[in-house]
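Keep in mind that what you see is a predicted model, and the values were worked out from it rather than measured.
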Amino acid sequence: MSELRTAAMESKAWPYEEARKLLKRYPDGKPVGPVLFETGYGPSGLPHIGTFNEVLRTTMVRNAFHALSDTPTRLIAFSDDMDGLRKVPDNVPNKAMLTEYLGKPLTRIPDPFGTHESFAAHNNAMLCDFLDRYGFDYDFASSTDYYTSGRFDDALKSVLRHFQAILGVMLPTLRADRQATYSPVLPISPKSGIVLQVPVEVVDAETGMIAFIDEGERIEQSILGGQAKLQWKVDWAMRWVALGVDYEMAGKDLIDSVVQSSKITRVLGGRPPEGFNYEMFLDEKGEKISKSKGNGLSLDEWLTYGPEESLAFYIYREPKKAKSLHMGVIPRAVDDYWQFRGNYAGQELKERLGNPVHHIHDGKLPEGELPVTFGLLLNLVSVMGDATKEQVWGYLGNYVKDADAARYPELDRLIDRALAYGRDFVTPTLKRRKPAGVEVAALERLDAELAALPEDASAEDIQNIVYEIGKTGGFETLRDWFKALYETLLGAEQGPRMGSFIALYGIANTRKLIGAALAE
């Protein structure tokens with residue numbers, strides 16, 4: 001056994017812990033076909049980071065399994081596009097038009113964006129683009145295609161054969177009023193085209209025939225060929241059985257669904273997949289992010305202000321802990337990613353396997369370094385105001401040896417994001433205050449000390465001066481001094497290591513900031 005495989009067998013990193021569940025599932029290897037991973041997507045709304053999160057985390061488990069086993073694997077991204085539209089999303093055009101199609105399968109509703117043959121096709125295309133941009137290895141699957149093509153026929157007939165047993169699982173979990181109308185099978189009305197929530201009678205399980213009342217008339221209709229779909233928890237179980245799914249994770253809000261679907265899977269003669277329940281992402285108000293509401297962040301929004309790796313880093317950490325997902329978390333995620341990436345080369349194998357960047361890059365880290373933090377870049381561009389990328393590179397020359405885009409391509413891309421983030425979220429909030437009390441003398445002293453330094457003084461030398469002034473300048477704590485620097489010079493409540501910032505911004509430019517503050 002290789003050193004990597006041995007270490008991975010003992011690693012406490014959550015992807016390896018999850019992968020070991022699959023080893024226990026098939027101690028002698030899966031007898032037929034690849035180990036199958038699945039993620040689900042409900043295309044009733046536009047894809048968001050929650051969707052991306054599930055595919056990314058599942059891929060990390062899949063990669064971890066590859067480190068432990070030579071058994072081939074496959075990942076299916078399954079779209080539940082046979083679902084009936086229950087409500088009109090807040091973040092789409094032509095809402096009035098969509099209202100006319102409430103209850104109908106998503107693949108039979110016109111695209112409100114006018115670019116695809118259906119609403120589901122539009123959202124499915126967005127999902128695939130969403131996943132392709134990150135380079136995921138997956139196979140897309142459409143619920144409509146699987147229902148209409150006959151791929152689910154045997155499993156659907158099995159649902160009818162075990163109809164009463166499935167009711168036995170589901171009815172005790174429902175309220176009395178819901179029990180009266182509940183059916184594992186949802187026929188699609190031949191009259192209105194709506195996915196009906198009505199009781200059904202099994203006429204002939206072997207031919208797939210059922211009977212139900214539609215607008216006062218008894219209808220006998222097959223559930224095959226896309227003429228019906230299954231109720232959510234039954235559908236999930238049927239899919240696990242029909243496809244042979246071995247691993248699927250789900251949000252904490254679906255714990256009950258996992259329990260019930262697992263019971264139905266056993267009723268159908270199958271084995272529920274392995275998996276775990278992750279905590280939900282929350283918006284700034286502490287509410288769960290939703291496709292229909294469009295709250296939280298979109299992938300495009302994050303990538304405007306932070307690179308893909310920073311998003312992957314944020315998603316990797318603490319999957320069982322609820323986390324806020326809003327613009328304010330991006331800068332820290334960028335800098336934390338680079339800190340862990342910088343540590344990777346010097347770590348022992350065991351530590352590497354627990355490092356988030358190992359799972360983000362599947363152990364194949366790109367070359368390159370980041371000579372300044374994203375936080376420091378944001379402070380720089382915010383003080384500069386309406387700056388250009390070229391001007392930022394000019395300032396970086398004060399701090400970084402051989403500072404140019406060819407040498408630091410990732411820094412070059414990060415400057416674009418820093419300029420965008422600073423313009424949209426930092427600069428509008430800056431409000432410098434005038435110094436008061438001991439702050440005035442301390443700033444005058446800092447100005448004099450900086451004037452005596454060469455323009456290329458090191459960040460460490462400058463930091464020592466700043467630190468000494470804080471200790472001897474009459475402040476109750478050093479924190480009060482640094483807070484005064486941030487508020488009077490930068491217009492913010494918190495900020496960077498001042499030695500690094502002054503070296504980057506330049507001594508002459510910093511003295512101008514001090515002069516402007518003292519002039520007030």
Side-chain angles (χ1 to χ4, degrees), residues 42 44 78-87 100-109 118 120 141-243 256-257 260-270:
S44 58
F78 198 94
S79 172
D80 294 313
D81 54 19
M82 274 278 284
D83 282 353
L85 180 65
R86 289 185 284 275
K87 63 179 181 178
E100 300 175 13
Y101 291 89
L102 286 173
K104 295 187 178 181
L106 296 164
T107 43
R108 303 182 191 181
I109 297 174
S118 70
S142 159
S143 177
T144 299
D145 289 345
Y146 277 54
Y147 269 99
T148 58
S149 68
R151 295 189 66 172
F152 282 160
D153 281 0
D154 288 343
L156 290 172
K157 293 174 186 178
S158 181
V159 167
L160 295 187
R161 293 188 199 105
H162 298 90
F163 199 81
Q164 291 303 317
I166 292 171
L167 285 175
V169 171
M170 290 303 305
L171 291 183
T173 69
L174 304 173
R175 300 187 312 270
D177 58 334
R178 184 75 180 94
Q179 290 179 1
T181 60
Y182 179 84
S183 168
V185 177
L186 305 176
I188 297 177
S189 168
K191 301 179 182 223
S192 65
I194 289 174
V195 180
L196 298 176
Q197 299 264 0
V198 295
V200 306
E201 170 194 340
V202 178
V203 175
D204 186 346
E206 301 312 312
T207 60
M209 293 299 294
I210 59 170
F212 55 94
I213 303 299
D214 184 12
E215 298 182 8
E217 180 184 356
R218 176 183 166 87
I219 302 289
E220 289 195 7
Q221 179 173 292
S222 172
I223 67 170
L224 310 180
Q227 297 183 81
K229 74 175 300 290
L230 299 183
Q231 193 76 250
W232 152 235
K233 295 171 188 176
V234 186
D235 184 274
W236 209 8
M238 179 275 295
R239 200 161 75 216
W240 288 345
V241 174
L243 302 180
D256 178 67
S257 297
Q260 304 309 325
S261 294
S262 295
K263 291 179 180 178
I264 296 168
T265 298
R266 296 185 183 98
V267 166
L268 296 175

Q: By the definition side-chain contact (heavy atoms from CB on, under 4.5 Å), identify the one residue from Asp83, Val159, Asp80 that meets it with Asp235.
A: Asp80
Q: Distance-only, no hydrogens or angles: does the Gln260 side chain make a donor-acceptor pair with backbone N or O of Met170 under 3.5 Å?
A: no
Q: Quick check: closest heavy atoms across Ser222 and Thr207, and the distance to 0.1 Å?
A: OG-O, 3.9 Å
Q: Checking the side chain of Tyr147 only, and the main-chain atoms of Leu230 only, is there a donor and an acceptor separated by less than 3.5 Å?
A: yes
Q: For Ala205 versus Val202, what's the shortest heavy-atom pair and its separation?
A: N-CG1, 4.0 Å
Q: Heavy-atom distance under 4.5 Å between the side chains of Gln197 and Thr181, does that happen here?
A: no
Q: Short question: side chain of Asp81, backbone of Thr144 - any donor-acceptor pair under 3.5 Å?
A: yes
Q: I'd like to check Phe152 versus Leu243 (side-chain heavy atoms, cut-off strictly below 4.5 Å). Are they in contact?
A: yes
Q: Would you call Ser118 and Leu106 a side-chain contact if the rule is heavy atoms closer than 4.5 Å?
A: no
Q: State, to 0.1 Å, how close Leu156 and Met238 come at their nearest heavy-atom pair, and which atoms those are.
A: CD2-CE, 4.3 Å
Q: Side-chain contact test, heavy atoms from C-beta onward, threshold under 4.5 Å: evaluate it for Arg108 versus Ile188 and give yes or no.
A: yes
Q: If you count heavy atoms of other groups shown closer than 6.0 angstrom to CZ of Arg178, is the number above 12?
A: yes
Q: Kindly indicate whether the side chain of Leu160, heavy atoms from C-beta on, has any atom under 4.5 Å from the side chain of Ile210.
A: yes
Q: Has the side chain of Glu201 got a donor or acceptor atom that lies under 3.5 Å from a matching backbone atom of Ala211?
A: no
Q: What distance separates Ser261 OG from Arg239 CZ, expressed to the nearest 0.5 Å?
A: 9.0 Å
Q: Hey, could you give me the CD1/CG distance between Ile219 and Asp214, rounded to the nearest 0.5 Å?
A: 5.5 Å
Q: Nearest 0.5 Å, what's the OH-CG distance between Tyr182 and Leu171?
A: 7.5 Å
Q: Enter the distance from Leu196:CG to Ile213:CD1 here, rounded to the nearest 0.5 Å.
A: 11.0 Å
Q: Please examine the side chains of Asp256 and Lys233, heavy atoms only from C-beta on, and report whether any two atoms are closer than 4.5 Å.
A: yes
Q: CD of Gln179 to OG1 of Thr173: how many Å apart, nearest 0.5 Å?
A: 8.0 Å
Q: Taking all non-hydrogen atoms of both residues, which atom of Val200 and which atom of Pro187 are closest, and how far apart?
A: CG1-CD, 3.9 Å
Q: Tell me the closest heavy-atom pair linking Lys157 and Leu224, and the distance in Å.
A: CE-CD1, 3.8 Å
Q: Keeping the roles fixed (side chain from Ser158, backbone from Asp154), state whether a donor-acceptor pair exists under 3.5 Å.
A: no
Q: For a 4.5 angstrom cut-off between non-hydrogen side-chain atoms, does Trp236 reach Ile264?
A: no
Q: Examine distances only and state if a side-chain atom of Glu215 and a backbone atom of Lys191 form a donor-acceptor pair shorter than 3.5 Å.
A: no
Q: Quick check for you: to the nearest 0.5 Å, what is the distance between Ile166 atom CD1 and Arg161 atom CZ?
A: 11.5 Å
Q: Which heavy atom of Pro199 sits nearest a heavy atom of Phe212, and at what distance?
A: O-CB, 3.7 Å
Q: Given side chains that start at C-beta, do those of Ser262 and Trp240 come closer than 4.5 Å, heavy atoms only?
A: yes
